[in-house]
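Worksheet: one structure, shown below.
Letters A, B, ... are given to chains in the order of the sequence lines, protein chains preceding strands, and every chain is numbered from 1.
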2 protein chains.
Amino acid sequence: MPVNAANAVDKRRSLLHETRCQNCSLSSLCLPLALELEDMEQFDAIIRRRAPLKKGEALFRQGSAFNSVFAVRSGSLKQITTEGSGDDQVTNFYLPSELVGLDGIDEKTYPGSVIALETTTVCEIPFDRLDALSEQLPELRGQLYRSMSKELRDDRRMMRLLSRKTADQRLASFFTSLSDRFRRRGYSPYSFRLSMSRADIGNYLGLAVETVSRILGRFQQQELVEVSGREVHILNLEALATQAQDEP
Amino acid sequence: MPVNAANAVDKRRSLLHETRCQNCSLSSLCLPLALELEDMEQFDAIIRRRAPLKKGEALFRQGSAFNSVFAVRSGSLKQITTEGSGDDQVTNFYLPSELVGLDGIDEKTYPGSVIALETTTVCEIPFDRLDALSEQLPELRGQLYRSMSKELRDDRRMMRLLSRKTADQRLASFFTSLSDRFRRRGYSPYSFRLSMSRADIGNYLGLAVETVSRILGRFQQQELVEVSGREVHILNLEALATQAQDEP
DNA sequence: CGGCCTGTTGAGGGGGGTCAAGCAAGGTGG
DNA sequence: CCACCTTGCTTGACCCCCCTCAACAGGCCG
């Protein structure tokens, strides 16, 4: 066996090893969170590995056939839905361990495109096999129900934000929410890099890009955050959280 | 046996008969939609009957323990979430056959209160038993996944409405959506009665009551609808649907 | 009849959108 | 290596949509 072929096998084996749920650092947050080791192996067996997505590449497009849900392994993505002529709406950002595509189950097509914001790896989980396995594994089924329920809950929070909060409160909410999500994933809640553009943020929060920019400037004056490009340092998380509440 | 006792038995029997899924006129829309007759009996067996709610009564309150989901049988309800001091947000309206409470699964408490808008009857479905039954009945499980998925999809539509649409478009969307929901339930899509107040509508759509009132007036001038109190006649559904799209 | 609640209508002001210009960073080709 | 362009972000000026405040009308019930 030639040397490079042996290397290729090693590499594949190592990749396979890395991408097993049992060894995944996210397993305490991800879908198989509640599974015993033995059950996790069953779950692991139905997962399809995917080549990493490059920045800007689509995991899937709006309207394409729904077959799988995806768990984010590393990187991040945005969901955008298009209606009518070219008017996009960013409806979600996805971070590692989060499930993408649950809103496609009902009509068997994805209701929005999902685009990588940076180099991103995902685990593909064919939904029919997930459903079948959820019959045998009550913990898996429960976790799936909980994931969808959580997303519903988050959506309600987002609706409140969009219909009642001022631009300042929206951005404060955005930062505190991101901070919290990073914290849960073991990253610093105070220093992180935004993988999305100002345009994405504005679109997501229902604000013009210019407004996002202006308020970011104001937050810096108030020494709530320090922002340089996409690099964010939160200086006063508590004050931000206060801002984020919706009192006038 | 005294006459009135016999009557009571009859009445109870009749009530029981009425409230069985097999005889429910909504069964083609509701959760057991995909079930065979035999399976439906199993499903029917776990449902708890409830006394009708009067207008203004709560099905449950925000923060109370989650144990059941509910299927609306007749009437309608609103979901409201309270945050901070007295600032309510209407996050949903529920019509017959729709499922209430799915967003409580995750954290084992209901994230909002659900209030009857009129005299309303619901079927209570204890979630642990529903979950257990969904293990045996793949169709039931599938329908539950689909229901949650549909709600996610609807939420995304709502977010788009709240972040991109003008007040006119929001109200046009609201009416076309209601019209469509009535149509699917076998009611007239052109004539119906709003069970919610202007304040509820405004709150739900992220608008002030005054704005709702003004735009309703404008819609009448344009002969799109005829509104008298809570009685609505849609005169030009197509034009309303056009309005509802989000082109400037 | 007189409160109370819901809904309508008018006047005024502000938050944030739109339009426009400028600037820094990064890529590309000469 | 530099001129050029593109992309993303910031800042300023203006103005419009919708919120706020206020008064009022109608329906319901005591």
*When the distance from CD of B:Glu210 to C1' of D:dC17 is rounded to whole Å, what number comes out?*
14 Å
*Please state whether the base of C:dT18 and the side chain of A:Arg214 form at least one donor-acceptor pair under 3.5 Å?*
yes
*asked:* Without decimals, in angstroms, what is the distance between B:Glu231 CD and C:dG7 C1'?
replied: 16 Å
*asked:* C:dT8, OP1 or OP2 - any side-chain N/O from B:Arg198 closer than 4.0 Å?
replied: yes
*asked:* Expressed as a whole number of angstroms, how long is the span from B:Leu171:CG to C:dT8:P?
replied: 11 Å
*Are any of the side-chain nitrogens in A:Glu118 or A:Lys54 under 4.0 Å away from the carboxylate oxygens of its partner?*
no
*asked:* Could you tell me if B:Ser173 and B:Lys165 have a donor-acceptor pair between their side chains, going purely by distance under 3.5 Å?
replied: yes
*Any side-chain N or O of B:Ser213 less than 4.0 Å from the OP1 or OP2 oxygen of C:dG7?*
no
*With the side chain of B:Thr211 defined as its heavy atoms from C-beta on, choose the nearest nucleotide among D:dC21, C:dG17, D:dC19.*
D:dC19
*Can you find a heavy atom in the side chain of B:Met148 that is under 4.5 Å from one in the side chain of A:Ser149?*
yes
_Out of C:dC19, D:dT20, C:dG16, whichever nucleotide has its closest atom nearest the side chain of A:Asp168_ = C:dG16
_So B:Arg170, base contact, sugar-phosphate only, or nothing? Heavy-atom distance under 4.0 Å._
nothing
*Close side-chain approach of B:Tyr204 and B:Leu207, heavy atoms under 4.5 Å*: no
_Protein-nucleotide distance (B:Arg193, atom CZ; C:dT6, atom C1'), rounded to Å_ = 12 Å
